[in-house]
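Note that ligands are numbered from 1 as they come in the structure, with each ligand's atoms numbered from 1 the same way. For clarity, every value in this text was computed on a predicted model and none was experimentally measured.
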Amino acid sequence: MLDQINLLDAKLAFLLAISMAILYPIAQAIYNVYFHPLSRFPGPISHAISRLPYFYCQINGTLVFDMLTLHQRYGDIVRIAPDELAFSHPDAWKDIMGHKNGEAEMSKASWYYRPIEEPPHIVNEEQERHRSLRRQMAHGFSEKSMRDQEPIIRKYVDLLVDKLRQQSNSLEGSPIVLSDWYNFTTFDIIGDLAFGEPFGCLQGSHYDNWIESIFDLAYIGSILQALSFYPWLKRGLLALVPRSARDAYEKHKKLTEAKMRRRMAVTEERPDLIEGLLKKKDELNLDIEHLVSNAEILIIGGSETTATLLSGVTYLILQDAKAYEKLKDEVRSTFHSREDINLISVNSLPYMLACLDEALRMYPPVANGPPRVCPKGGARILGEYIPENTYASIHHWAMYRREEYFTDPDTYHPERFLGDSRFSNDQREAFQPFHLGPRNCLGRNLAYSEIRLILALIIFNFDMTLADESHDWIQQRNYLTWKKPPLKVYLTPRNEEA
Ligand code: HEM
């Protein structure tokens with residue numbers, strides 16, 4: 001008898017568990033679609049029900065494009081996940097990221113910025129600590145510091161030009177993978193500015209292991225972000241990471257720490273990007289792990305972005321014969337020798353700046369929408385009250401391709417940044433590739449100067465033609481960063497004093 005009751009109890013418990021497993025998600029879905037505080041906002045039902053469609057797009061590499069389709073269909077505000085709204089309007093930048101004049105700043109979403117437990121850095125630190133880190137780091141990004149850094153930067157750009165001259169002579173009619181060379185250069189520059197030593201990419205004409213491991217991070221990072229919403233699954237999967245991968249990770253960490261210790265052993269003042277933090281490391285309570293994580297984020301944020309834009313602008317101008325002719329003309333009539341070209345003199349190239357800005361619009365290195373969190377009490381965005389804890393994002397690529405804000409958005413027109421009347425209806429405030437507000441890009445000026453220097457020297461030294469196999473180069477997927485195929489270009493060295 002007792003056995004029968006126990007069996008009945010077990011059956012009932014099993015049935016209850018099964019019913020709960022089926023009913024709970026259904027109830028949750030009904031709540032999300034009809035009763036959730038965000039239910040009044042438009043968007044696809046599948047995205048209102050669950051986070052999964054968002055991550056499907058992200059892991060598929062199409063999120064940035066899907067966002068445009070969603071905004072075209074549903075308008076400036078779209079519910080892209082049960083707890084996230086995407087905004088696509090010029091005013092949203094200030095509302096979400098601007099200085100708040102005493103009101104609470106919107107914090108950064110931890111599922112996106114800190115998908116695993118690692119020592120935080122300037123990009124993902126919480127507000128108070130971020131402010132002190134930024135104040136300290138800002139010294140290294142000042143005009144004066146950049147002038148002092150010029151010899152460091154210049155050394156690598158000259159090496160790039162020399163290496164490309166050698167390569168173009170030795171390859172005899174084969175194209176060069178210019179995207180790799182841009183990466184080698186920006187990694188070596190930022191390696192020197194963040195850790196006090198280059199990665200040796202240019203010298204060795206190849207990627208360093210350390211850098212290769214960073215490339216894999218973007219894809220793994222997007223998976224870890226998805227898993228943040230399913231912590232039990234994340235724990236389970238992380239436990240399954242093979243021993244060899246863990247060992248490789250530990251080795252990478254040790255190498256990086258050794259790099260930082262070498263930099264810390266330099267006693268004389270060095271005009272680089274980490275000096276400011278080293279000076280105040282005790283006051284700011286920065287141990288070696290925190291110093292390393294800040295240096296690493298400088299490498300990630302300061303190299304891949306810049307190299308991406310360099311490849312993007314090279315591709316776009318080589319696809320547009322008129323733009324390429326104009327740019328060549330500007331550079332070659334302004335400068336008469338390689339030595340004339342420096343971080344200051346490249347500021348006198350308005351057409352080049354317009355080419356860069358238009359490349360940033362069409363192919364922004366940060367193309368997605370890093371989410372912020374609405375503070376306690378909620379926030380007002382585009383005149384709407386948005387409840388606290390809602391994630392709010394602005395997707396760059398999608399915003400820059402909207403006809404509402406940019407005339408003929410899918411075509412490369414540097415003239416739109418030069419006051420051409422055809423583009424007088426453009427809404428330039430929509431364009432914020434470096435973000436705005438207290439957490440905008442610290443490296444904006446460095447990025448512009450470095451890119452202009454490299455591009456001016458390349459255009460001055462070489463004639464370029466895009467290889468046939470790179471004609472569709474820009475058709476890429478995006479996994480937090482663009483998955484760039486090799487950009488192949490034929491280079492013909494010019495007589496320097498021509
Ligand atoms: C074309 C090149 C670049 C683009 C498009 C770019 C874009 C951005 C964006 C959008 C952010 C905000 C990130 C967020 O809030 O999630 C950012 C932050 C940052 N960027 Fe850049 N960046 C570029 C180059 C650089 C360079 C060369 C450096 C130098 C190392 C750099 C250093 C930083 C730093 C330190 C931050 C964090 C600032 C803070 O949180 O206070 N960036 N960048």
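Using a cut-off of 4.0 Å between Lys/Arg side-chain N and Asp/Glu carboxylate O, Arg416 and Glu358 are scored as salt-bridged. Using a 4.0 Å cut-off between charged nitrogen and carboxylate oxygen, Arg402 and Asp76 count as a salt-bridge pair. Salt bridge absent: Arg114 and Glu126 never bring a charged side-chain N and a carboxylate O closer than 4.0 Å.
Atoms of ligand 1 lying under 4.0 Å from any heavy atom of Thr306, numbered from 1 in the order shown and given with element: 27 (C). When each atom of ligand 1 is checked for a heavy atom of Val123 under 4.0 Å away, the hits are 37 (C). For ligand 1, the atoms sitting less than 4.0 Å from at least one non-hydrogen atom of Arg372 are 15 (O), numbered in the order shown with element in parentheses. Near Cys441, the atoms of ligand 1 lying under 4.0 angstrom from a non-hydrogen atom of the residue are 6 (C), 8 (C), 17 (C), 18 (C), 19 (C), 20 (N), 21 (Fe), 22 (N), 23 (C), 25 (C), 31 (C), 33 (C), 42 (N), 43 (N). Using a 4.0 Å cut-off to heavy atoms of Ile190, the atoms of ligand 1 that qualify are 30 (C). Taking a cut-off of under 4.0 Å to the non-hydrogen atoms of Arg134, the atoms of ligand 1 that pass are 38 (C), 39 (C), 41 (O). Ligand 1 places these atoms under 4.0 Å from at least one heavy atom of Ile122: 39 (C), 40 (O), 41 (O). Close contacts of ligand 1 with His130, meaning ligand atoms under 4.0 Å from a residue heavy atom, involve 39 (C), 40 (O), 41 (O).
When Tyr112, Phe141, Tyr113 are ranked by how near their heavy atoms come to atom 16 (O) of ligand 1, first place goes to Tyr113. Nearest to atom 7 (C) of ligand 1 by heavy atom, out of Pro433, Pro438, Gly437, Ser449, is Pro433.
Aromatic ring centres of Phe55 and Trp111 lie closer together than 6.0 Å. Taking the six-membered ring for Trp and the full ring otherwise, Phe423 and His413 have centroids separated by under 6.0 Å.
Note that CD1 of Ile454 is 11.0 Å distant from OG of Ser449, once rounded to the nearest 0.5 Å. Rounding to the nearest 0.5 Å gives a distance of 9.5 Å between CD1 of Ile223 and CD of Gln58. If you take OG on Ser311 and CD1 on Ile474, they are separated by 10.5 Å, rounding to the nearest 0.5 Å. Going from atom CG of Leu318 over to atom OG of Ser470 covers 10.0 Å, rounded to the nearest 0.5 Å.
Atom 32 (C) of ligand 1 has as its closest protein heavy atom Gly443 N, 3.7 Å. Nearest protein heavy-atom neighbour of atom 13 (C) of ligand 1: His435 ND1, 3.9 Å. At the shortest separation from atom 25 (C) of ligand 1 among protein heavy atoms lies Gly301 O, 3.4 Å. Here the protein heavy atom with the shortest distance to atom 26 (C) of ligand 1 is Gly302 CA, 3.4 Å. From the protein, the heavy atom lying nearest to atom 38 (C) of ligand 1 is Asn440 O, 3.3 Å. Protein heavy atom nearest atom 23 (C) of ligand 1, with residue, atom name and distance: Thr305 OG1, 3.6 Å. In terms of protein heavy-atom proximity, atom 4 (C) of ligand 1 is closest to Phe434 CE2, 3.4 Å. Atom 36 (C) of ligand 1 has its closest protein heavy atom at Leu442 N, 4.0 Å.
The closest approach between a heavy atom of Gln432 and any atom of ligand 1 is not below 4.0 Å. Residue contacts with ligand 1 include Lys108, since one of its heavy atoms falls under 4.0 Å from the ligand. Within the structure, ligand 1 lacks Thr308 among the residues with a heavy atom less than 4.0 angstrom away.
Glu450 places no side-chain N or O within donor-acceptor distance of the main-chain N or O of Thr306, the cut-off being under 3.5 Å. No donor-acceptor pair under 3.5 Å is formed between the side chain of Lys94 and the backbone N or O of Gly437. For the pair Thr390 (side chain) and Asp83 (backbone), a donor-acceptor distance under 3.5 Å is absent.
If you run salt bridge (Lys or Arg N to Asp or Glu O under 4.0 Å) between Glu257 and each of Lys259, Lys253, Lys254, Arg261, only Arg261 comes through.
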